[in-house]
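Beneath this line is the structure, given in structure tokens, with notes to follow.
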There are 4 protein chains.
Amino acid sequence: MVQSTEERVRSAALTLFAERGYHGTGIRHLADAAGLSSASLYHYMGTKEELLVAIMRSSLDGLLEAADELSATGDPGERLVALVQLHVRTHATAPEQTRVVDDEVNALSAEARAEVVALRDRYEGRWQEVLEEGVARGDFQVGSVAVVRRALLEMCSGVARWWTPAGELDLDALAAEYAALALRLVGASERHADGR
Amino acid sequence: MVQSTEERVRSAALTLFAERGYHGTGIRHLADAAGLSSASLYHYMGTKEELLVAIMRSSLDGLLEAADELSATGDPGERLVALVQLHVRTHATAPEQTRVVDDEVNALSAEARAEVVALRDRYEGRWQEVLEEGVARGDFQVGSVAVVRRALLEMCSGVARWWTPAGELDLDALAAEYAALALRLVGASERHADGR
Amino acid sequence: MVQSTEERVRSAALTLFAERGYHGTGIRHLADAAGLSSASLYHYMGTKEELLVAIMRSSLDGLLEAADELSATGDPGERLVALVQLHVRTHATAPEQTRVVDDEVNALSAEARAEVVALRDRYEGRWQEVLEEGVARGDFQVGSVAVVRRALLEMCSGVARWWTPAGELDLDALAAEYAALALRLVGASERHADGR
Amino acid sequence: MVQSTEERVRSAALTLFAERGYHGTGIRHLADAAGLSSASLYHYMGTKEELLVAIMRSSLDGLLEAADELSATGDPGERLVALVQLHVRTHATAPEQTRVVDDEVNALSAEARAEVVALRDRYEGRWQEVLEEGVARGDFQVGSVAVVRRALLEMCSGVARWWTPAGELDLDALAAEYAALALRLVGASERHADGR
DNA sequence: AATGAATGAGTTTTCATTCAT
DNA sequence: AATGAATGAAAACTCATTCAT
């Protein structure tokens, strides 16, 4: 796979931000990892913060777009399963992106944070909608939709911190397992858990 | 409440590390927040990292001690509920400590990290034991104990990121809700969910 | 004489380390003397200690190389005279280098010190060899070779602390005088003292 | 031997200044070595520099007083031997004092340096006198009295850098050896070398 | 006599960034 | 496209010293 210099910078930043955090990563780290001088780096990026924002934006954009496709069809149970599987697969296969998004929001300045948080809120809104519809139709039984939404998302995001392809579960098994857990959490029968 | 200078330093560090991250918090930030000059700060602490370790250690020690008391009595369902409530209450009422423990482990040097991770692993071991026993007795039905343990812990830790006493649920309701969710996750009946 | 920035840094360090000692010379001193900001200094050097080591290494390397050439030919008396003249001329004309080498070894960290001391020991080994051979051949009469070696070296190194071209003796006279003193010290006749 | 606190401070300073240099020794080092807090230290000393000056002064005073006694009697050869033996014995048995005097003069401020250098010059003046008298009487044959004086002093001071009681020569042998070397240096017969 | 507390100024080194080439 | 050179500001931490108790 050929990679442009800009992509090399982006992916170096991704890895380093995920490993050491935004504040723990220096411009010279980035330059070294990208095989450039620190001055050259600035040909391919704006400020360090803009680089972070770009990473977060593209990660959230991708998730949001995929979520929009999924949310179009099916009953709430099917759509919840699809959302969970999307989320879990994404966090399992792109753990660096998702960890950066999840962990470095506080490193952003106010304006940048507002933008990123807005994206994240839109994405979480999809989950909220599915849950509300499931509850409204009597498919789900939950105490508080907002609480369950948060519990679900935290639970699923966690896979970015531990899953590896070399482990006990392969990607499909992981996704199926989490879909089943999600259905239990919302008090639905498990008939949807064989998704994807 | 009278507070010694040392306590002021500790609590300033706690707040700042939680808000801005370890690497995002400078010695001057700490000094300002503690009402000291940066030189005076060093009367009350060793290095910045030692301060972080001290915070993490005391947080994990407290959790571990409490978990050890709980793990002594009851059937797996009761003990799981107790663990969940302990964890959720702790994360709800001391979100700064728990967020620092959860988020800043990577900021530690190798030796310090080893110590903190060992404590964390002992604590998570308590969860693992309860889950294994519940599965062995047929009280719980789960696909993978390790996966469910992680899912549970991530889910419960998440409350440190959003719960406030001013919100929809008070502390007792929050704890009860999460206990119920946990029992669902492990495939147990909900008869234990009225704990504490 | 055109001088690169790196050379300016090196020579500023040389002068300051010789005048005020390594620990007595701050990075700001160096920067001021080199006409740079303290941040810019780090374009041209590694750490302050590496700068010191580089100075010491190049000084000792030069001396050692010259000593190796001299040690090849002649009887012990001639070779001793040559060594003394080399040493005295070097210490007279490059007093800063030699004083830094002589005075700042203790400022080095363990590893750096080991390297520098090894070089110095090799150089002093050349003196030891000449003295031993002179004693073996009956050309020199000394109580203890090791003591005389030290006495000789200290005596000769001293010129770096007082000789100036404006003084009583010019360089040739200085070298001749010390050669004569050295021959007296080792109990040789003075027939070699007209060297160089 | 009972030691007052002030003496403990003085001797801790002596050891540390000799080992690490004046600029390389911090007040807290001193306090630790003296078994006091850094604040308490200031009960027993003025500034750090005054402590250094006191050490230098007492060392030089002692040497000067002893030299004055010796210079009173005997012919130049005898007096030179006596001076050499005094100097060598002092440098061998009190290497810390003498090294501090020899190495840390540059660490002093202008006024303090003037005082210490004046003492040192008076002491070296005794050597100069003996040498001049020896030359005048035809007992010594030297090219330049000033050069020989410096060579002699450097040579003899060197013992503070290497002699240990556990080594090849005991103190008397060392003194005798250096007396012999000195007589050779000044071109005298060796009949005086059996002194003390 | 002794020391905790305190600090302004200092230490060495790194930061993110700019700019002329 | 690429980078050496450059820097003001900041990093974590230590300095020698004072002072109230």
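Here is the naming used below: chain letters follow the sequence lines, and residue numbers restart at 1 for every chain. Computed from a predicted model, the values in this text were never measured in an experiment.
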Opposite nucleotide pairing with [N], Watson-Crick or G-U, both atom distances under 3.5 Å:
N      : answer
E:dT7  : F:dA16
F:dT21 : E:dA2
F:dA11 : E:dT12

Establish, with yes or no, whether the OP1 or OP2 oxygen of E:dT3 is under 4.0 angstrom from a side-chain nitrogen or oxygen of D:S40.
yes
Rounded to whole Å, how long is the line connecting atom [atom1] of [X] with atom [atom2] of [N]?
X     : N      : atom1 : atom2 : value
C:H23 : F:dA16 : NE2   : P     : 12 Å
C:L41 : F:dG8  : CG    : C1'   : 15 Å
C:L52 : E:dT13 : CG    : P     : 12 Å
B:D32 : F:dA12 : CG    : P     : 12 Å
D:M45 : F:dT17 : CE    : P     : 6 Å
B:Y42 : E:dG4  : OH    : P     : 20 Å
D:R28 : F:dC13 : CZ    : P     : 15 Å
D:H43 : E:dT3  : NE2   : C1'   : 9 Å

Would you mind telling me which residue lines up with the more 5' stretch of DNA chain E, D:S37 or C:T25, judged by nearest nucleotide?
D:S37
For the [atom1] atom of [X] and the [atom2] atom of [Y], what is their distance to the nearest 0.5 Å?
X      : Y     : atom1 : atom2 : result
B:T15  : B:R20 : OG1   : CZ    : 12.0 Å
B:R113 : B:E49 : CZ    : CD    : 9.5 Å
A:E6   : A:S4  : CD    : OG    : 5.5 Å

Considering all heavy atoms of both residues, which atom of D:M56 and which atom of D:V101 are nearest to each other, and what is their separation?
CA-CG2, 3.9 Å
Heavy atoms from C-beta onward define the side chain here; which of [options] lies closest to that of [X]?
X     : options                : result
A:A39 : F:dA1, E:dT3, F:dA5    : F:dA5
C:T47 : F:dT17, E:dT17, E:dT13 : E:dT13
C:K48 : E:dT13, F:dT17, F:dT3  : E:dT13

Any non-hydrogen side-chain atom of B:E19 less than 4.5 Å from a side-chain atom of A:N106?
no
Whichever of C:S38 and D:G26 has its nearest DNA chain F nucleotide further upstream toward 5':
C:S38
